[in-house]
A.B. asks: 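Here it is: the structure, laid out below.
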Amino acid sequence: MKILIVAGGELDNELLKETVREMGETFVIGADRGALRLIQNNIKMDIAIGDFDSVEAEEKEMILSAVESEVLQSEKDDTDTEHAFRYALGKQPEEIVLLGCTGRRMDHSLSCIGMLRQALEKGVSAYIVDTYNRISICKGIVQIKKEEQYGKFISILPYGSSAKGVTMKGFKYEIENVDIDAAYSLTVSNEITEPVATISCDDYYILLETRD
């Protein structure tokens, strides 16, 4: 099963429609204002989840009347997006794609990136996608085919303060068994030069594939 979560951050409508087409048969979740975005683009969703405090009263009623909904309390220990994400993980999918998770609210953007580790720990592939980036949390060995990469540039950032023993092969700038620190930009904006590039690290790290 594939699951698409649409949250309330910045999202290009064409990217939304393109993602729905490419994913094919998908379970679709609207997280808070993301549910309104799905309705506005005539995209069928399976459930709406959120406290819906980011939409007007009439918009909330439109969402609740259009689809099965789980209405959350406004005061809670997680965000609407994380609640939707954990709901998705409970369905034991093969893949989760999240849209509308980046934008002006940097606190929400960073929180969404961080929560991707929950999927990794359950063996589920999970990506945050926007117009310019595809973001995932990784550990161990990851291979990226040049013809399938999301954008021209590949960046590796520590998930915490550092990531030890990072090796990158098949890139313009190769490194072997290097400790990277969040305070420095050593592994930002690399480029794949071989048909398949390989990254390995025993610590958690953030993998960003970025279009210019």
Side-chain angles (χ1 to χ4, degrees), residues 1-20 22-23 25-137 159 204 206-208:
M1 173 191 290
K2 295 181 180 180
I3 296 181
L4 172 65
I5 299 174
V6 179
E10 294 183 10
L11 175 58
D12 180 80
N13 288 335
E14 288 307 311
L15 175 62
L16 171 59
K17 295 173 183 177
E18 177 186 345
T19 302
V20 170
E22 290 181 350
M23 291 186 70
E25 186 175 348
T26 309
F27 188 93
V28 179
I29 302 173
D32 203 70
R33 190 172 183 83
L36 179 63
R37 177 65 66 88
L38 287 164
I39 291 172
Q40 290 171 335
N41 283 273
N42 297 312
I43 296 173
K44 180 183 176 297
M45 72 184 116
D46 295 277
I47 189 170
I49 297 175
D51 55 27
F52 305 108
D53 62 359
S54 63
V55 298
E56 300 296 332
E58 59 271 22
E59 293 172 335
K60 179 179 179 179
E61 288 303 315
M62 180 170 61
I63 293 168
L64 298 184
S65 63
V67 65
E68 176 190 349
S69 302
E70 181 181 348
V71 181
L72 309 176
Q73 296 292 326
S74 295
E75 295 182 358
K76 53 188 180 299
D77 294 331
D78 58 2
T79 62
D80 296 323
T81 303
E82 185 186 357
H83 195 96
F85 188 64
R86 287 190 284 108
Y87 176 95
L89 286 174
K91 290 189 166 294
Q92 300 180 315
E94 299 174 4
E95 179 181 83
I96 302 174
V97 174
L98 299 103
L99 301 177
C101 287
T102 57
R104 291 176 295 177
R105 288 293 302 271
M106 186 58 67
D107 53 347
H108 283 291
S109 299
L110 293 174
S111 174
C112 288
I113 293 170
M115 75 184 185
L116 292 176
R117 198 183 92 179
Q118 297 180 41
L120 179 61
E121 291 173 344
K122 292 182 179 295
V124 177
S125 297
Y127 308 91
I128 291 172
V129 178
D130 63 25
T131 302
Y132 299 103
N133 306 280
R134 182 167 65 186
I135 307 166
S136 57
I137 299 291
Y159 180 81
Y204 292 103
I206 302 170
L207 171 61
L208 296 101

A.B. asks: Does any non-hydrogen side-chain atom of Q92 lie less than 4.5 Å from one of K122?
C.D. replies: no
A.B. asks: Is the charged tip of R117 near the ring of Y204: under 6.0 Å from the six-membered ring centre and within 45° of its axis?
C.D. replies: yes
A.B. asks: Could you measure the distance from the OG1 atom of T131 to the CD atom of E18? Nearest 0.5 Å is fine.
C.D. replies: 9.5 Å
A.B. asks: So how far is it from R104 CZ to E10 CD, rounded to the nearest 0.5 Å?
C.D. replies: 6.0 Å
A.B. asks: Taking the side chain as everything from C-beta on, heavy atoms only, tell me whether L116 gets closer than 4.5 Å to Y127.
C.D. replies: no
A.B. asks: Tell me, do I206 and I113 make a side-chain contact under 4.5 Å, heavy atoms counted?
C.D. replies: yes
A.B. asks: Taking atom CG of L4 and atom CD of E95, what is their separation to the nearest 0.5 Å?
C.D. replies: 10.0 Å
A.B. asks: For L207 and I135, run side chain to side chain contact (heavy atoms under 4.5 Å, CB included): C-alpha distance rounded to whole Å, both residues' side-chain angles, the deciding distance at 0.1 Å, then the answer.
C.D. replies: CA-CA 6 Å; L207 171 61; I135 307 166; over 6 Å; no
A.B. asks: Under a 4.0 Å threshold between the charged nitrogen and the carboxylate oxygen, would E56 count as salt-bridged to K60?
C.D. replies: no
A.B. asks: So, taking the atom named OG1 in T81 and the one named NE2 in H108, what distance separates them when rounded to the nearest 0.5 Å?
C.D. replies: 7.5 Å
A.B. asks: I'd like to check M115 versus R86 (side-chain heavy atoms, cut-off strictly below 4.5 Å). Are they in contact?
C.D. replies: no
A.B. asks: Apply side chain to side chain contact (heavy atoms under 4.5 Å, CB included) to L72 and D80, showing your working.
C.D. replies: CA-CA 8 Å; L72 309 176; D80 296 323; 3.6 Å; yes
A.B. asks: Answer whether the closest heavy-atom distance between the side chains of L64 and V71 falls below 4.5 Å.
C.D. replies: yes
A.B. asks: For side chain to side chain contact (heavy atoms under 4.5 Å, CB included), just list the numbers for D130 and L99, CA-CA rounded to whole Å, side-chain angles, deciding distance to a tenth of an Å, and then say yes or no.
C.D. replies: CA-CA 6 Å; D130 63 25; L99 301 177; over 6 Å; no
A.B. asks: Look up atom CG in L11 and atom CZ in R37, then write down how far apart they are to the nearest 0.5 Å.
C.D. replies: 4.5 Å
A.B. asks: Above 12 or not: heavy atoms from other molecules or residues under 6.0 Å from CD of E58?
C.D. replies: yes
A.B. asks: Nearest 0.5 Å please: distance from the OG1 atom of T19 over to the CG atom of L98.
C.D. replies: 11.0 Å
A.B. asks: One pair to check against side chain to side chain contact (heavy atoms under 4.5 Å, CB included): M1 and I96. What are the steps and the verdict?
C.D. replies: CA-CA 9 Å; M1 173 191 290; I96 302 174; over 6 Å; no
A.B. asks: Cationic tip of K2 within the cone over F27's six-membered ring, i.e. under 6.0 Å and within 45° of the normal?
C.D. replies: no
A.B. asks: What I'd like to find out is whether the side chain of I3 reaches to under 4.5 Å of the side chain of K91, using heavy atoms alone.
C.D. replies: yes
